[in-house]
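Side-chain atoms are counted along with the backbone in the values below, which use heavy atoms only and exclude waters and symmetry mates.
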Amino acid sequence: MTQASDIPQRRTLARIGTFLAERRGLVRDYLSAISGAGGRLVFSLAYFIALANTLSIAEFGMFATASAAGVMLSRILAFGFISALYRTATIRPNLIGTFTAGFLLLGAVSLPLLAAASWGVYLIFFASTVPLAVFAAIVFAEALLWRPVEVVLIVNNGLGKFGRAAVLSIVATAFRALGAVLFMLSGQHSVWIWSLFYIGANAASLLLAFGFYYPRQRLRLRTELYLRRLADSIYVAGAEVLFYLQSEFDKLLVLAIGGPHLAGIYAIIMRLVDLTAIPIRTFSMMLVQKMMRAPELLSRLRVKSGIEAGVFLVSTLALAALGIVLHFFPNALGRNVAEAAPLVALAIGVPGLRNLVEYQAELLFARGQTALRALNLGLLAGLKAVLLTYVLTTIADTPMLVVSLNVVFLLLYLASALLTYSALRKPAKAV
């Protein structure tokens, strides 16, 4: 005989079972996507440990900062037309071949601008600290080798082929980790030699990505389609450059103001912070796809606040766990990382706040508000430059500098939330 007290519990379990059954496809897709994030996290950590403990701290700072600049500059490739390719894969997959041809065409046309921008960034931030050949090699690897790999991942995710994207993500990251291990075992450990290994690892990923994972469709040029979407793509490219500028500008400033050694310590801390964002980006990617089809998905305050609380909590717990491990075992990630180990826990609020700013920027992209997204990211980049310049020029003590980053990122988050949710009140735009 069933007791009356068991009935509410059974009803709750039944509701949970019904909820999961109705969303079985979504859960399966998320597990496929998150498996790629998990595998990437493992190999990213191996890559980080091998590289950070083979290069000197100063040379690691030089590489990490040049790599951050390369990621930012890579967004110039094809004038942001990757966004049109992603939307096409998500909504009109039969046109992938046509838009791939457009990406290749615009990619070739964008190369002079990419080269000019790279030269300008080098003169402003790197001329006195990083050899030109090293900087050029790293930017080449990021912009012309790794960025196309990301295109393959983006297209597969747009098609809903999360399992294929997950496998490619894992293998491509494993190539980087393998490159770092081979570099560690080699006889020469300069940043220049590493840049050659880095090119090799990214080139192998590129060949694998387009050889086995890109959809097979005939390439057809239709310039009228590209011209209609070019303005939006340029907005996206500008927004992406500004996003990575405000995201990575701290590394550039630390190198320019504090020098290579401080840049190395800072890069180690921020690399560990970056690792917390890998699972968050998987969630954001799937939410963006959902919002492309249902722009009013986040119309309720309860949903918005619940998602933001979850992003912050997961990010913070991840860094807290890492901080605890490094507190008791400072050499767990190697001797060079041990120098920065006592500082990791001091940046406890940074991962959650940083990941939330990134998440909010994706919401505007999902709703087609690309011009507002670019404007907001430009304002955030300017604010971050002002705040970090003040911190770096007034605080000499490294632990206090790391603590102050919590305040810097809190102010950036508040500014981002104000700009983003004000923009979300406006109607979504079809692209």
[X] side chain near [Y] side chain, heavy-atom distance below 4.5 Å:
| X | Y | answer |
| --- | --- | --- |
| Trp192 | Pro131 | no |
| Trp146 | Ser74 | no |
| Leu387 | Val391 | no |
| Phe60 | Leu51 | yes |
| Met270 | Val350 | yes |
| Tyr413 | Asn355 | no |
| Arg92 | Leu95 | yes |
| Phe409 | Lys384 | yes |

> When you check the side-chain N and O atoms of Tyr266 and Asp250, is any donor under 3.5 Å from an acceptor?
Replying inline: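 Tyr266 vs Asp250: donor-acceptor pair found between side chains.
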Are the aromatic ring centres of [X] and [Y] under 6.0 angstrom apart?
| X | Y | result |
| --- | --- | --- |
| Phe43 | Phe175 | no |
| Phe183 | Tyr198 | no |
| Phe135 | Phe126 | yes |

For the student: nearest non-hydrogen atoms of [X] and [Y], plus distance:
| X | Y | value |
| --- | --- | --- |
| Ala165 | Leu153 | O-CD2, 3.2 Å |
| Leu353 | Asn406 | CD1-O, 3.8 Å |
| Met62 | Thr129 | CE-O, 3.4 Å |
| Ala68 | Lys251 | CB-CD, 4.0 Å |
| Val155 | Pro215 | CG1-CG, 3.8 Å |
| Val337 | Ala52 | CG2-CB, 4.0 Å |

> Between Lys161 and Tyr213, is a side-chain contact (heavy atoms from CB on, under 4.5 Å) present by the stated rule, with each step listed?
Replying inline: CA-CA 10 Å; Lys161 297 181 178 180; Tyr213 288 92; over 6 Å; no
>> Under the criterion side-chain contact (heavy atoms from CB on, under 4.5 Å), I'd like the reasoning laid out for Asn202 against Val149: C-alpha separation, chi angles, the key distance, then a yes or no.
In response: CA-CA 8 Å; Asn202 288 330; Val149 174; over 6 Å; no
> If you look only at pairs with a residue in residues 135-144, which of them pass as a salt bridge (Lys or Arg N to Asp or Glu O under 4.0 Å), with sequence neighbours excluded?
Replying inline: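 Qualifying pairs, neighbours excluded: Glu142-Arg176.
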> Is there a donor-acceptor pair closer than 3.5 Å between any side-chain N or O of Thr54 and the backbone N or O of Met184?
Replying inline: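 Side chain of Thr54 to backbone of Met184, a donor-acceptor pair under 3.5 Å: no, none is there.
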When rounded to the nearest 0.5 angstrom, what distance separates [atom1] in [X] from [atom2] in [Y]?
| X | Y | atom1 | atom2 | answer |
| --- | --- | --- | --- | --- |
| Met400 | Thr394 | CE | OG1 | 10.0 Å |
| Leu45 | Thr173 | CG | OG1 | 12.0 Å |
| Glu150 | Leu77 | CD | CG | 10.5 Å |
| Thr88 | Ile96 | OG1 | CD1 | 7.5 Å |
| Ser416 | Tyr421 | OG | OH | 8.0 Å |
| Leu383 | Leu388 | CG | CG | 9.0 Å |

> Would Ile49 and Asn53 count as a side-chain contact (heavy atoms from CB on, under 4.5 Å) if you check the C-alpha gap in whole Å, the side-chain angles of each, and the deciding distance to 0.1 Å?
Replying inline: CA-CA 6 Å; Ile49 292 172; Asn53 291 289; 3.8 Å; yes
Side chains of residues 252-265: which donor-acceptor partners sit under 3.5 Å, not counting sequence neighbours?
residue	atom	partner	partner atom	Å
His261	NE2	Glu339	OE2	3.1

> Is the count of non-hydrogen atoms from other residues, nucleotides or ligands lying under 6.0 Å from Tyr390 atom OH greater than 12?
Replying inline: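 No, not enclosed.
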>> Check this for me: His189, atom NE2, are more than 12 non-hydrogen atoms of other residues, nucleotides or ligands nearer than 6.0 Å?
In response: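 Correct, the count exceeds 12.
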>> What verdict does the side-chain contact (heavy atoms from CB on, under 4.5 Å) test give for Phe48 and Leu272, after you've listed the backbone C-alpha separation in whole Å, the side-chain angles of each residue and the deciding distance to 0.1 Å?
In response: CA-CA 9 Å; Phe48 166 73; Leu272 295 174; 3.6 Å; yes
> How are the rings of Trp194 and Phe197 set relative to one another: parallel (under 30°), tilted (30 to 60°) or perpendicular (over 60°)?
Replying inline: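 Taking Phe197 first and then Trp194, their aromatic rings lie parallel (interplane angle under 30°).
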